[in-house]
Amino acid sequence: MHHSAIPDGTEYSDYRDAVLEIFRYDTLPASNGQGWGDIGYRLVIDPNGVVYAGRSTGTATEPADDSPIFEPGSKLTRGAPIITAGHVLGANTGNIGICMIGDFTHHLPSKPALRSLDIVLARLCTGLELDPFAQVHYVNTVNGNTATMPAISGHRDWQAIAGPTECPGGFLHGALPLLRELSEVG
């Protein structure tokens, strides 16, 4: 779970502009951005609750075939091959990043955004047969990093691997226990 750290997102008349800003920052060369070649997150959720596909698999021949999270043709079950993203340094392989547009250091995301997040998390947990309260043993098959993390975790939970961060903001991180509960109910 991430936040974009854009102050509150309301400076945008169209949140697609915020998504484009995230894309630009993630793709610009390292001197001005991250230099990742694509947006780092699998999904981005705006304050109106609209869910945007993030990183593309880059393998689709038709837009309907493109899966922003799983390799084309994989079934949504535990162990489904997840396309590597760029959202948690050292722990991207097999990890799904969701970014909420806004800065949630001092307040929660909007109700529509939280409702969309709840739906996304519930569907991912159901489809991947994950208990939202479970501790998952993570193994990065590329670099060998390992960690035991909550199935639904925030960026700051990964600090031992990725380094210090306040992301996803104190209020959103504090809401993770409730989001786990809601994801279990679906």
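Heavy-atom basis, side chains included; hydrogens, waters and symmetry copies ignored.
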Counting distance only, does the side-chain N/O of [X] pair as donor-acceptor with the main-chain N or O of [Y] below 3.5 Å?
X      : Y      : value
Ser4   : Gly102 : yes
Ser110 : Pro47  : yes
Gln159 : Thr165 : yes
Asn145 : Ala91  : no
Asp14  : Arg16  : yes
Asp157 : Gly154 : yes
Asn140 : Gly90  : yes
Ser153 : Met149 : no
Arg42  : Ala53  : no

Checklist outcome for this item: Tightest non-hydrogen contact, residues Gln135 and Pro150, listed as OE1-N, 3.6 Å
Is any side-chain heavy atom of [X] closer than 4.5 Å to a side-chain heavy atom of [Y]?
X      : Y      : answer
Thr146 : His137 : yes
Phe23  : Asp38  : yes
Ile45  : Ile101 : no
Cys99  : His3   : no
Ser183 : Ile152 : yes
Phe104 : Pro109 : yes
Arg55  : Thr84  : no

Item to check | His2 ring center near Tyr41 ring center (under 6.0 Å) | outcome: yes
Checklist entry - Would the His155 and His87 ring centres measure less than 6.0 Å apart? => result no
Give, for atom [atom1] of [X] and atom [atom2] of [Y], the distance between the pair rounded to the nearest 0.5 Å.
X      : Y      : atom1 : atom2 : value
Leu108 : Met100 : CG    : CE    : 9.5 Å
His173 : Arg156 : NE2   : CZ    : 5.5 Å
Glu166 : Asp103 : CD    : CG    : 10.5 Å

Quick one: do [X] and [Y] end up in the same hydrophobic cluster if we chain Ile, Leu, Val, Met, Phe, Trp and Tyr together by side-chain heavy atoms under 4.5 Å apart?
X      : Y      : answer
Trp158 : Leu124 : no
Ile96  : Val120 : yes
Tyr25  : Ile98  : no
Ile119 : Leu114 : no
Leu43  : Leu179 : yes

Checklist entry - Going through the distances and angles, do Tyr52 and Asp46 end up as a side-chain hydrogen bond (donor to acceptor under 3.5 Å, both in side chains)? => result CA-CA 8 Å; Tyr52 301 85; Asp46 78 17; 2.8 Å; yes
Checklist entry - Given Val44 and Ile39, is the side-chain contact (heavy atoms from CB on, under 4.5 Å) satisfied, shown in steps? => result CA-CA 10 Å; Val44 178; Ile39 200 166; 4.0 Å; yes
Item to check | Criterion side-chain contact (heavy atoms from CB on, under 4.5 Å) on Leu28 and Gln34, from CA distance to verdict | outcome: CA-CA 6 Å; Leu28 285 174; Gln34 298 293 343; over 6 Å; no
Next on the checklist: Quiz question: by atom type and distance under 3.5 Å, do the side chains of Tyr138 and Asn95 form a donor-acceptor pair?
Outcome noted: no
Item to check | Intermediate values then yes/no, side-chain hydrogen bond (donor to acceptor under 3.5 Å, both in side chains), Thr27 and Trp36 | outcome: CA-CA 5 Å; Thr27 59; Trp36 293 335; over 6 Å; no
